[in-house]
Amino acid sequence: MNTIIVKKKSPLTGLVAVVLILDVVRLSAIVAMSFQQTLSPLIWGFCGFYAVLLVVCILLLIRMTRSRLAFQGDGMIYTPLFGPKREMSYSDIQKVYIGGKKYVMYTSDGKKFFTFDDFRTENASDIVAFLKKKGVRTEI
């Protein structure tokens, strides 16, 4: 059985990983300094900024590695950022909107379900052709 996987890849994954490492180093240095001397409110402000940046980088890396949609012969398996995997059938997809090099899948109740594009997905046109074979209509 052939499986087509749409994974949200990004060329920025390496950059986000480097920022995350530098952020951890900077944050740990500030915390280590706080045990030796009293820090100014400006330094504590930077500490808060680095803590928020740490959470954002972790969420971005999780999204870049976890979010994906796998098409199989009998249905789809969607792995969201958080939560369990969901199995869906092709009849749950109302349409695929094609806008330039971006593709948006809508569920049968009209909600946006998944977005992919030619930039981050190697086989985007193959995926649209596969969905057409499964009876999903396309719209330009």
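Everything numeric in this text was worked out from a predicted model, so none of it was measured.
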Could you state whether Leu27 and Val25 fall into the same hydrophobic cluster, counting links through intermediate Ile, Leu, Val, Met, Phe, Trp or Tyr residues with side-chain heavy atoms under 4.5 angstrom apart? no
Evaluate side-chain contact (heavy atoms from CB on, under 4.5 Å) for Arg26 paired with Phe46, printing each intermediate quantity in order. CA-CA 10 Å; Arg26 181 67 70 147; Phe46 279 119; over 6 Å; no
State the OG1-CG distance between Thr115 and Leu69, to the nearest 0.5 angstrom. 11.0 Å
Taking transitive links into account, so neighbours of neighbours count too, which hydrophobic residues share a cluster with Ile21 at under 4.5 Å side-chain distance? none
Test of understanding: with ring pair (Phe, Tyr, Trp, His ring centres under 6.0 Å), list the residues that count as partners of Tyr103, not counting sequence neighbours. Phe116
Let me check something: any side-chain donor-acceptor pairs from residues 30-42 under 3.5 Å, sequence neighbours excluded? List them with distances.
{"from": "Ser34", "atom 1": "OG", "to": "Val31", "atom 2": "O", "distance (Å)": "2.5"}
{"from": "Ser40", "atom 1": "OG", "to": "Ile43", "atom 2": "N", "distance (Å)": "3.4"}

Of all residues at least two apart in sequence or in a different chain, which pass the side-chain contact (heavy atoms from CB on, under 4.5 Å) check with Leu131? Phe71, Tyr90, Val96, Met105, Ile127, Val136
Each residue besides Ile77 in its hydrophobic cluster should be listed here, by chain and number; the cluster joins Ile, Leu, Val, Met, Phe, Trp and Tyr at side-chain heavy-atom distances under 4.5 Å. none
Output all residues satisfying side-chain contact (heavy atoms from CB on, under 4.5 Å) with Leu22, sequence neighbours left out; order by chain, then residue number. Val18
Closest heavy-atom pair and its distance - Cys57, Val19: SG-CG1, 3.7 Å
My understanding is that a hydrophobic cluster links ILVMFWY residues whose side chain heavy atoms are under 4.5 Å apart, including indirect links. Using that, what else belongs to the cluster containing Val104? Tyr97, Tyr106
Take Ile93 and Ser108, measure what side-chain contact (heavy atoms from CB on, under 4.5 Å) needs, and give me the verdict at the end. CA-CA 5 Å; Ile93 301 299; Ser108 56; over 6 Å; no
Beyond-backbone contact of Met88 with Phe113, side-chain heavy atoms, under 4.5 angstrom: yes
Can you list everything that forms a side-chain hydrogen bond (donor to acceptor under 3.5 Å, both in side chains) with Thr79? Sequence neighbours excluded, please. none
Using 0.5 Å steps for rounding, measure from the CD1 atom of Ile98 to the OG1 atom of Thr138. 4.5 Å
Contacts satisfying salt bridge (Lys or Arg N to Asp or Glu O under 4.0 Å) that involve residues 129-140 (not counting sequence neighbours) are Lys95-Glu139, Arg137-Glu139
Which residues pass the side-chain hydrogen bond (donor to acceptor under 3.5 Å, both in side chains) test with Thr107, sequence neighbours left out? Asp109
